[in-house]
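These notes are about the structure you will find just below.
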Amino acid sequence: MTTSTAPVQHSDEHYLSMDLLRFTTAGSVDDGKSTLIGRLLYDSKAIFDDALENLERVTQQRGEEHLNLSLLTDGLRAEREQGITIDVAYRYFATPKRKFIIADTPGHIQYTRNMVTGASTANLAIILIDARKGVIEQTCRHSFIASLLRIPHVVVAVNKMDLVDFSEQRFNEIVAQYSEFASRLDIPDIKFIPISALHGDNVVDKSAKMPWYQGGSLLYTLETVYIGSDLNHVDPRFPIQTVIRPHSDEHHDFRGFAGRVAGGVFKPGDEIVSLPSGFPAKIKSIHGPDGELAEAFAPMSVAITLDREIDSSRGDCFGKPNNHPIATKDIEAMVCWFSEKPLQPNGKYIIRHTTREAKCMVKAVRYKVNINTLHKLEDDLTINMNDIGRIQVRVAVPLMVDPYKRNRTTGSFILVDEFTNATVGAGMILWPDGSESAATVDSYVEMGGL
Amino acid sequence: MSSYNLTHLSQLEHEAIFVIREVAAQFERPALLFSGGKDSIVMARLAQKAFAPAKIPFPLVHVDTGHNFDEAIEYRDWFVKEIGARLVVRYVADSIKAGRCQEEKGPNPSRNGLQTVTLLDTIEEFQFDACLGGARRDEEKARAKERFFSHRDEFGQWDPKNQRPELWNLFNGRKQVGEHFRVFPLSNWTEMDVWQYIARENLRIPSIYFSHTRKVVNRGGVLLAESPFITLLEGEQYEERVVRFRTVGDATCTGAVLSTASNMADIIQEVASARVTERGARADDKRSESAMEDRKKAGYF
C-alpha cells in the first residue's frame, strides 16, 4: 500500500457536518473489485489491525501468496469455503469529507438479484472495466442494472491501466466504446477514471504515471460528486407508517401521522390531500426527532398533525391538492425475479408498496430482457430467478404510485410469496395504468445489443 | 441548488426511526433488547424519538448473565425509570438452574453463548414477534451481511444463505406462526457514529466507558476485570491499571483497554485513532473464525 489519506478529522463540528454517499460496486474477482475496495478501506483506515492480522493468518493457512482482501468482505463460512461472494456485503468508511456506505455485490450473472438489491439504495455505482478487455458483456449487464434502478451517478473505473502501459489511447478507446453503448441507456451522470487498483494509481491520489488524465482520483470523485439533487424535493409525498396517539392527559388531542417524507417539502399551514380517500386538510404542525419543524423533506422521519380529524391510517399517502401520486389498482412495471420458483402467470402475490401491503395478481408478462445483449424476448416469457422482465399487475386495493423514474420510493415495490413469505420479486413502476407505456424503458431494450 | 441536505448522522437517525416505526406497525408484540451498553442506549433514545410525545409502545428486555459490571446494572435501572419504560429481566442463572443449559467449564466460563437459551425462552414466554437490537454491520464480518429485518425460524435460528433481499425502504416482516424477527435499526451505523450521536444528544452512559483504575488480569492479550466469576491460573495475578471498556458484555469475556479517556471528547479521539476493532477485546469472538456466525445461527443477538 503506497499512500494514505489525511487523518480523518473527528472534531464534533466537522463530523456533524459530513454528508453520506451510498455506492455500489459490481464485478467479479478478476476485475480487481476486491482489491479496489480493500484499498479504499485500507487507505481510509477502515480496516483495523486485528482484522488485518486475522486476514494475514487466514491467507497463510489457505496457502495463498497475496493478501486476499476478498476475505474481508466474504463474511460467511460458505463464502470463504467456496471462494465466492454470495450476498450483498455492506462496508463503511469515512474521509474528512464524507461518510461512505458500500454495497459490495458479486458480479456473476446468477447474482443479478444481489446487484439489484445493492443498487436500490445507491447514489452512485462504480463499474469496473479491465483495460485489457474493454467493454464486455458484464459491463453491459452492470450498466443496464444501474440504469434500470436509476442510480444517478456512474463512475466507470478503467482498471489495470498498468497492464496497458498507462496508455491514453487505450483509455480513450474504452471511453468511446462505453459512451456509445451508454447513450442508449438512461444514466444522467457518467465519469471515467483510469486506475490501477493494485498499485493505487488514481485511487486515492492522482497518479504520476498518467499525466494525460486531467480529472480527479476515484476517491476525490466519490468525495465531491454532488448528490444534493438526487432526491425528489419537488413532488410532495408522505406515506403514513403509523398513527401516534399518546393517550395521556398532557397530549390528549395529539394525533400524529408518522412517516418518512418520500418527496417534496411539507410545511405547517400547507394544504394536503390524503389518498386514496381524497380528504383535504391543513398541516397544523410537523414533529421531527428534535421537536417541531418549519419544514420537512425527504428522507426525514416526522409526525404530522392536521387541523381537522380525517380518517387516515397506515398505507395512505399525503400529497398536495395540485400535486399528488396517482391512486391506481393497475400498474405496469419492470420486475427482477429473486425466487427459484419462476414467476407464475396469473399468480397471486402479496405486494408491498411504500407502507401499504395488499394482494395482487400478475396479469401478464409482456416480455423478458436478455440482460447481456439488452434484447427484448417476447417468445420466452418465463421469468426465472435473476431474470428481468416487464409485467402487468392488478392490485386488490389502490396503491398511491409515481413512475419509478420520478420517485424511487413511491415508484418501487416488492412481491412476496403468499405461502412462504419470501420476497420473490422487486418492481419498478413504469406507468400506473399502462396507457402511456413508458417508451424510455422500452428503448433500453430495443437497442439490439452491443 | 437546493438546501435540502441532511448530515450523515441525521440521515442515519431518520433511517433508524423509520425502521423502529416499521416494527411497531408491522408486529403485534415487539420488544427492545436492552443491555445498558452504548448501542442499546442509542436504540432506546431513537425509540423515544420515534413515538414522541407518546411513550415507547413496547417493553425493554434485558437478558441478564449474572456476570455483570455493577455500574451497568445501576445504569439500567436508573435509565428505565428516567424514561418511564417497562423493563423485563430474565436470568441466565435461572435457565441453568432449570437445566435448560449448562455452565461452561474453565477459568473464565462465559455465559455469553448461554444467553441465547434464555433469550429464546423469553421470546417464547412473552410471544415477542420482533426483537429490536443495536447490532451494527461494522462490528463483525458475519454481521456485514445481516438484514435490517432478520428472519428467525421457529427455533430462533438465522439462515444466512436464505435471507430475504432488502430493497429500497421496503421491509418484509411477514412470518409463520412461531417465527420471529430480529430487527437492527443501527445496521448502517459505525462505532464512531454511535459515539458521535451520544455526544450530540448528550446521553448519559455507564461509567465503565470512561477511564478508571481497576484490577485486571491479562489473559491471552485480553484484559479481564477482577470478578468472582474468574479463576486465576497459575502465574496470573491481578494488577491495577488505568482502563476503560469499549463494549459492555459478560464480565468474563469483555476485555478492558488501557485508556486515559475520561470524557466524551477523549473517547471520540481514541475511537478515531484506534487500530483495533471494538470486538477485538472480546474473548468470545476470538474463539474461531466463524464464532459470531455460529452463535448468530443458533439464535444469538
Side-chain angles (χ1 to χ4, degrees), chain A residues 8 10 12 15-20 48-51 58 72-73 75-78 86-92 94 99 101 113 116-117 120-121 228-229 233 241-242 244-247 251 254 258 260 265 287 289 297 299-301 314 338 350 352 355 408-409 412-414 416 421-423 426, chain B residues 1-2 4-9 11-15 17-18 21-22 24-25 49-55 137-138 140-145 160-161 163-170 172 174-176 187-188 190 192-193 196 199-200 265 268-269 271-277 280 289-290 293:
Chain A
V8 177
H10 285 285
D12 284 1
Y15 195 83
L16 296 179
S17 65
M18 283 162 67
D19 66 0
L20 178 65
F48 291 100
D49 286 347
D50 53 337
V58 176
L72 280 172
T73 46
L76 303 175
R77 194 203 306 261
I86 290 171
D87 206 352
V88 186
Y90 293 90
R91 294 279 144 196
Y92 305 84
K99 174 176 165 155
I101 301 178
R113 57 184 195 149
V116 168
T117 303
S120 72
T121 50
S229 54
H233 296 307
Q241 267 188 294
T242 181
I244 296 172
R245 268 167 302 191
H247 302 294
H251 303 282
F254 188 93
R260 200 173 187 195
V265 181
H287 303 260
F297 50 88
M300 291 169 70
S301 287
R314 179 172 172 84
F338 292 160
I350 307 284
R352 182 179 284 280
T355 54
R408 285 170 98 183
T409 304
S412 57
F413 63 85
I414 56 171
V416 175
N421 293 324
T423 301
Chain B
M1 198 165 122
S2 74
Y4 301 120
N5 288 323
L6 294 173
T7 66
H8 89 281
L9 206 53
Q11 287 199 44
L12 294 174
E13 181 184 48
H14 289 288
E15 176 180 82
I17 289 173
F18 175 80
R21 285 172 170 173
E22 219 33 40
K49 290 188 176 203
F51 304 105
K55 285 190 174 169
R137 288 180 183 142
D138 81 320
E140 211 277 340
K141 61 187 167 188
R143 285 196 164 152
K145 309 216 162 172
K161 282 202 274 187
Q163 300 193 78
R164 295 177 182 177
E166 278 181 351
L167 297 101
W168 301 290
N169 297 309
L170 296 169
N172 174 5
R174 293 180 67 88
K175 61 185 183 332
Q176 314 279 359
S187 288
N188 281 331
T190 60
M192 177 56 92
D193 296 328
Q196 290 286 355
R200 192 187 93 175
I268 285 168
Q269 203 46 54
V271 171
S273 52
R275 296 305 302 146
V276 176
T277 61
E289 172 79 352
S290 302
E293 182 180 342

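Lettering of chains follows the sequences in order, A, B, ..., and the numbering in each one begins at 1. Note that the structure is a prediction, hence the values are computed from the model and not measured.
In terms of heavy-atom pairs under 4.5 angstrom with chain A, the leader among B/P53, B/A25, B/S187, B/A52 is B/P53. In terms of non-hydrogen atom pairs under 4.5 Å with chain B, the most contact-rich of A/V416, A/T121, A/T409, A/T355 is A/V416. Between chain B and the options A/H247, A/R260, A/R245, heavy-atom pairs under 4.5 Å are most frequent for A/R260. Put simply, of B/E22, B/K55, B/K175, the one with the most heavy-atom pairs under 4.5 Å next to chain A is B/E22.
At a threshold of 4.5 Å between non-hydrogen side-chain atoms, the residues B/I17 and A/P289 count as touching.
Between B/N172 atom CG and A/I350 atom CD1 the span is 9.5 Å, to the nearest 0.5 Å. In this structure, the separation between OG on A/S412 and CG on B/L167 is 8.5 Å, given to the nearest 0.5 Å. One distance of note links CZ of A/R352 with CZ of B/R174; it measures 7.5 Å at 0.5 Å rounding. Separating the OG1 atom in A/T117 from the CD atom in B/Q163 is a distance of 11.0 Å, to the nearest 0.5 Å. For the atom pair NE2 (A/H287) and NZ (B/K49), the distance works out to 14.5 Å, reported to the nearest 0.5 Å. Separating the CG atom in B/N5 from the CG atom in A/D19 is a distance of 6.5 Å, to the nearest 0.5 Å.
Residues A/F413 and B/W168 come closest through the heavy atom pair O-CZ3, 3.7 Å. Between A/Y92 and B/N188, the closest heavy-atom pair is OH-OD1, 2.6 Å. In terms of heavy atoms, A/I244 sits closest to B/A50 at CD1-O, 3.4 Å.
Formation of a donor-acceptor pair under 3.5 Å by the A/Q241 side chain with backbone atoms of B/F18 is found in this model. Judged by distance alone, the side chain of B/R164 and the main-chain N or O of A/N421 form a donor-acceptor pair under 3.5 Å.
Contacts of B/N169 with chain A are made by side-chain atoms alone, with heavy-atom separations under 4.5 Å and no backbone atom involved. For chain B, the nearby parts of A/Y90 are the backbone and the side chain; heavy atoms of each come within less than 4.5 Å. Only the backbone of A/A422 has a heavy atom closer than 4.5 Å to any heavy atom of chain B. Residue B/A265: no heavy atom, backbone or side chain, is found under 4.5 Å from chain A. Looking at A/I414, both its backbone and its side chain come within 4.5 Å of chain B, counting heavy atoms on both sides. Within the 4.5 angstrom heavy-atom criterion, atoms from both the backbone and the side chain of A/V116 approach chain B. For a residue to count as touching a neighbouring chain, one of its non-hydrogen atoms must lie under 4.5 Å from one of that chain's; by this rule B/A24 does not touch chain A.
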Inset, instruction - Would you sort out whether A/V88 and B/E166 count as a side chain to side chain contact (heavy atoms under 4.5 Å, CB included), showing the intermediate values? - result: CA-CA 10 Å; A/V88 186; B/E166 278 181 351; over 6 Å; no
